[in-house]
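Down below is the structure, laid out as structure tokens.
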Amino acid sequence: MSLAVWFSLLTACVVISFTPGAGAINTMSNALSQGWRRSIWGIIGQQLALIVHVVIVAAGVGLLVSRSEVLFNVIRYAGAAYLVFLGIRMMLSKPRTTEVDDDAEVIDTRESHWSMIRRGFWVNLLNPKAIVFFLAFIPQFIRLDQPQLPQYLTLIGTVIVVDVLVMWGFFAAAARPFRRLTRSPRGQRTLNTVFGALFIAVAGLLVFLH
């Protein structure tokens, strides 16, 4: 991959990562409830899903998904249902007790790393439009007349590094001014309602926007 092509890839990745979506909402929600540092576990889960998306497209399965309306809709509705489930669960969740972590940040009762990784993974994975997007995105940067593996590794590495920096450095950090709201039950209920509604709204976009 030439330097010029890589810079084009880098620019595209930055624009894509800054586009708000379920991943950004999940990251901000984690940052509010678990603290900025621990939100990285949800981001890791989201990156694992991105790797799966790229592998799916590289293996040719993405083309099958994009051409099969039934398969596409099955994944689409499953993804929307999962986001609705997360939204409703968040809106109905009770305010939790708080504790102070080693950075003197007030955080909710700790969620396990694995739980955050798993949720981040499914939030990003159950989005068939991401597969279709990568199907259109990848051919722009992969030369078929050159070795494939180094190009895919460069693409995946760039996508992951940029997305982690944007999610952790921008979206998770952007949640910090609202951290004080998590110190009271009323504030927690307000934030849970807002982020729950956002998850449901993204689910609606996933279903109704073709």
Side-chain angles (χ1 to χ4, degrees), residues 10 13-54 79 82-83 85-127 130 153 155-203:
L10 179 64
C13 288
V14 171
V15 173
I16 294 163
S17 292
F18 272 107
T19 303
I25 295 171
N26 186 60
T27 298
M28 294 183 73
S29 175
N30 285 336
L32 283 169
S33 65
Q34 300 297 315
W36 176 77
R37 287 195 310 166
R38 300 192 79 245
S39 67
I40 189 63
W41 296 106
I43 296 171
I44 289 173
Q46 293 168 198
Q47 304 317 306
L48 293 175
L50 290 181
I51 293 174
V52 172
H53 281 308
V54 173
Y82 183 64
L83 292 178
F85 165 74
L86 290 179
I88 293 176
R89 187 177 68 173
M90 185 170 290
M91 294 171 75
L92 296 179
S93 63
K94 296 179 180 180
R96 294 178 287 181
T97 57
T98 57
E99 58 185 35
V100 180
D101 71 359
D102 52 10
D103 276 344
E105 292 182 325
V106 178
I107 63 174
D108 291 340
T109 304
R110 291 182 183 272
E111 181 180 3
S112 70
H113 296 167
W114 170 242
S115 175
M116 297 173 71
I117 291 173
R118 184 174 62 246
R119 186 174 64 253
F121 177 78
W122 287 112
V123 162
N124 260 11
L125 186 68
L126 291 175
N127 184 359
L153 290 177
L155 185 144
I156 290 175
T158 303
V159 169
I160 288 176
V161 170
V162 170
D163 200 56
V164 168
L165 290 176
V166 171
M167 288 295 154
W168 210 25
F170 179 77
F171 287 109
R176 278 186 165 184
F178 302 97
R179 290 293 306 284
R180 58 186 177 80
L181 294 177
T182 64
R183 300 177 185 179
S184 69
R186 181 179 180 181
Q188 289 182 43
R189 283 193 293 267
T190 298
L191 290 174
N192 287 342
T193 299
V194 169
F195 280 94
L198 287 173
F199 272 122
I200 294 173
V202 173

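All values derive from a computational prediction rather than experimental measurement. No hydrogens, no waters, no symmetry mates; every other heavy atom, side chains included, goes into these values.
Looking at M28 and L198, their side chains never come closer than 4.5 Å, going by heavy atoms from C-beta outward.
With rounding to the nearest 0.5 angstrom, the CE atom of M116 is 4.0 Å from the CG atom of N30. Rounding to the nearest 0.5 Å gives a distance of 14.5 Å between CZ of R119 and CH2 of W122. Taking CH2 of W36 as the reference point, atom OG1 of T27 lies at 12.5 Å (rounded to 0.5 Å).
Not counting sequence neighbours, the partners of T193 by the side-chain contact (heavy atoms from CB on, under 4.5 Å) test are M91. Under the rule for a side-chain contact (heavy atoms from CB on, under 4.5 Å), the partners of S17 that lie at least two apart in sequence or sit in another chain are V162, D163, V166. By the side-chain hydrogen bond (donor to acceptor under 3.5 Å, both in side chains) test, W41 pairs with H113, sequence neighbours left out. In this view, V164 and I40, I43, Q47, I160 satisfy the side-chain contact (heavy atoms from CB on, under 4.5 Å) rule, not counting sequence neighbours. By the side-chain hydrogen bond (donor to acceptor under 3.5 Å, both in side chains) test, S39 pairs with W168, sequence neighbours left out. Under the side-chain contact (heavy atoms from CB on, under 4.5 Å) criterion, A22 pairs with L83, V123, V202, sequence neighbours left out.
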Problem set entry | From CA spacing to verdict: side-chain contact (heavy atoms from CB on, under 4.5 Å), V52, L125 | CA-CA 8 Å; V52 172; L125 186 68; 3.6 Å; yes
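Scanning both residues, L32 and A175, for their nearest heavy atoms gives CD2-O, 3.3 Å. Residues N124 and A49 approach most closely at CB-CB, 3.4 Å, considering heavy atoms. Residues N26 and G120 share a closest heavy-atom pair of ND2-CA, 3.7 Å.
Formation of a donor-acceptor pair under 3.5 Å by the S29 side chain with backbone atoms of I25 is not found in this model. Of the possible polar contacts, none joining the E111 side chain to the Q34 backbone as a donor-acceptor pair under 3.5 Å is found.
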